[in-house]
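I have placed the structure first, in the form of structure tokens, so that the comments after it can refer back to it.
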Amino acid sequence: MEVRLMAGGRSYGIDHVTTNLMSGRHDVKGAMHAHPVFHIMYILEGNGLFTVGQTSSEVGPGMLYIVNPNEPHQFHFGTRGPLLNLESTFVLRGADDEPAEVNLFDLIEENRSIRISESLRSAPLDVPARFRPMLDEGYRRILDLYDLPQLRAHFAIQVIDLLARVETIVANAVHAEKTVHTAEDTVERAKHFLLSNRYRPVTLGEAAQSVHVTPNYLCRLFKEHTGETPMGYLLSARMREAGSLLALTDLPIYTIAEKLGYEEPSYFARLFRRVYGVSPQTYRRRQLSPC
């Protein structure tokens with residue numbers, strides 16, 4: 001019975017080459033090379049320096065490297081102590097039985113109907129802690145076959161199983177990347193709303209409603225991405241503009257307060273003093289007479 005991998009409307013035969021738990025490699029450096037096989041390498045302990053394609057990266061626990069056929073690569077194992085890693089090497093063969101030069105990321109894109117960014121393709125994947133036991137188990141199932149000669153025909157099945165686990169990790173990374181971008185977009189849209197409405201009284205609730213999130217969630221996102229709260233961001237923008245208006249115009253202070261959304265000039269003056277350390281009147285005098 002032949003087991004084939006179906007992906008992107010095509011089928012591939014699977015030649016398992018080797019799967020190993022490698023340990024004790026300390027300061028072992030290979031030459032840059034390429035060959036028509038896949039390497040799926042998962043780091044358990046230690047460190048090193050791996051180059052895949054045009055990208056070099058420091059190796060650390062929990063990192064997953066996907067090396068596609070004929071992709072140049074160089075491994076320097078254990079740069080600061082022994083490296084422990086799992087690795088599986090295999091070949092996918094096309095209908096002509098020749099090694100297929102296909103990209104695993106492309107196959108996952110087609111199978112999952114997702115887009116994998118260049119940043120994910122070119123760097124090692126940092127496997128989340130909750131997925132590490134699952135990935136480890138995928139390798140161990142292949143390794144177990146070495147002790148069961150009667151089941152060695154099942155290598156192809158277990159390689160497919162390992163690839164399914166890798167696909168899950170890649171899809172999760174795509175989702176996480178989108179979530180980060182969505183959060184950044186939310187913060188940017190909230191910033192735009194606040195700046196566009198800085199000339200009138202505006203509340204945190206209005207800002208949150210403008211981007212369809214709760215006030216607490218917006219505060220948390222804003223703090224994570226800017227280091228300040230939404231209303232703190234609005235205050236900073238208003239006070240920068242207040243300083244410019246005081247220095248460059250002769251508008252009365254109450255007019256400047258109104259222009260910046262403050263109904264009470266006294267409240268505006270208190271906020272201004274808190275930011276600049278002096279009253280609006282003193283700030284204006286100093287700007288007009290710097291000496």
Side-chain angles (χ1 to χ4, degrees), residues 55 57-58 60 114-123 125-126 128-130 171-291:
T55 303
S57 59
E58 290 281 345
I114 57 177
R115 181 184 176 279
I116 303 172
S117 68
E118 186 57 36
S119 61
L120 289 179
R121 288 169 174 262
S122 61
L125 294 165
D126 187 5
R130 68 183 186 278
N172 178 76
V174 170
H175 175 73
E177 190 176 59
K178 284 183 178 179
T179 300
V180 170
H181 290 166
T182 300
E184 291 174 349
D185 292 343
T186 298
V187 171
E188 289 304 314
R189 287 188 289 119
K191 283 182 179 180
H192 178 74
F193 173 84
L194 292 168
L195 292 178
S196 299
N197 290 276
R198 67 187 182 277
Y199 303 118
R200 68 170 183 85
V202 63
T203 67
L204 174 62
E206 288 179 287
Q209 187 175 22
S210 75
V211 293
H212 311 293
V213 298
T214 66
N216 285 342
Y217 184 64
L218 180 61
C219 280
R220 181 165 65 81
L221 283 186
F222 229 90
K223 195 76 173 177
E224 288 175 356
H225 289 270
T226 71
E228 58 185 340
T229 65
M231 302 315 287
Y233 174 82
L234 177 61
L235 174 64
S236 297
R238 282 173 166 170
M239 291 300 110
R240 283 195 302 272
E241 188 158 351
S244 296
L245 291 172
L246 287 166
L248 303 175
T249 76
D250 58 0
L251 290 172
I253 291 171
Y254 69 83
T255 301
I256 293 175
E258 289 178 355
K259 284 178 67 67
L260 294 175
Y262 297 105
E263 297 175 343
E264 293 293 332
S266 59
Y267 179 59
F268 163 74
R270 286 200 302 273
L271 291 176
F272 190 91
R273 181 184 289 273
R274 185 191 306 167
V275 173
Y276 286 94
V278 296
S279 68
Q281 295 92 334
T282 301
Y283 181 87
R284 171 171 272 168
R285 282 199 304 272
R286 289 179 179 177
Q287 295 299 309
L288 294 175
S289 304
C291 296

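The side chain to side chain donor-acceptor pair (under 3.5 Å) test applied to Arg198 returns Glu241, not counting sequence neighbours. Residues forming a ring pair (Phe, Tyr, Trp, His ring centres under 6.0 Å) with Phe193 (at least two apart in sequence, or on another chain): none. Take Ala183 and apply the side chain to side chain contact (heavy atoms under 4.5 Å, CB included) test, not counting sequence neighbours, and it matches Leu221, His225. With sequence neighbours left out, the side chain to side chain donor-acceptor pair (under 3.5 Å) criterion links Arg220 to Glu224. Shown here are the side chain to side chain contact (heavy atoms under 4.5 Å, CB included) partners of Glu177, two or more places apart in sequence or in another chain: Ser117, Ser119, Leu120, His181. Take Ser122 and apply the side chain to side chain contact (heavy atoms under 4.5 Å, CB included) test, not counting sequence neighbours, and it matches Thr55, Glu118. Take Ser57 and apply the side chain to side chain donor-acceptor pair (under 3.5 Å) test, not counting sequence neighbours, and it matches Tyr65. For Asp185, there are no side chain to side chain donor-acceptor pair (under 3.5 Å) partners at least two apart in sequence or on another chain. In this structure, the ring pair (Phe, Tyr, Trp, His ring centres under 6.0 Å) partners of Tyr276, at least two apart in sequence or on a different chain, are Phe272, Tyr283.
Listed here is the closest heavy atom pair of Val278 and Arg286: CG1-NH1, 3.3 Å. In plain terms, the two heavy atoms of Ala190 and Val211 that are nearest each other are N-CG1, 3.7 Å. Heavy-atom minimum distance, Arg130 versus Asn172: NH2-OD1, 2.9 Å. Between Leu195 and Ala237, the closest heavy-atom pair is CD2-CB, 3.5 Å. Shown here for Leu194 and Pro230, the closest heavy-atom pair between the two residues is CD1-O, 3.5 Å. Residues Ala257 and Pro265 approach most closely at CB-CA, 4.1 Å, considering heavy atoms.
One finds the CD1 atom of Ile253 at 7.0 Å from the OG atom of Ser279 (value rounded to the nearest 0.5 Å). Atom CD1 in Ile256 sits 4.0 Å away from atom CG in Leu246 (nearest 0.5 Å). With values rounded to the nearest 0.5 angstrom, Thr226 atom OG1 is found 8.5 Å from Tyr233 atom OH. Arg273 CZ to Met239 CE: the interatomic distance, rounded to the nearest 0.5 Å, is 13.0 Å. Rounded to the nearest 0.5 Å, atoms CZ (Arg270) and CZ (Arg274) are 8.5 Å apart. Considering CG of Leu204 and OG1 of Thr229, their distance stands at 8.0 Å, rounded to 0.5 Å.
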**Prompt:** When you look at Glu184 and Val187, which way does the side chain to side chain contact (heavy atoms under 4.5 Å, CB included) test go after all the steps?
**Reply:** CA-CA 5 Å; Glu184 291 174 349; Val187 171; 5.8 Å; no
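No more than 12 heavy atoms of other residues, nucleotides or ligands shown are found within 6.0 angstrom of CD on Gln209.
Screening residues 204-213 for salt bridge (Lys or Arg N to Asp or Glu O under 4.0 Å), with sequence neighbours left out, gives Arg200-Glu206. Sorted by first and then second residue, the side-chain hydrogen bond (donor to acceptor under 3.5 Å, both in side chains) pairs involving residues 249-265 (not counting sequence neighbours) form an empty list. Pairs passing the salt bridge (Lys or Arg N to Asp or Glu O under 4.0 Å) check and including a residue from residues 228-240, sequence neighbours excluded, do not occur.
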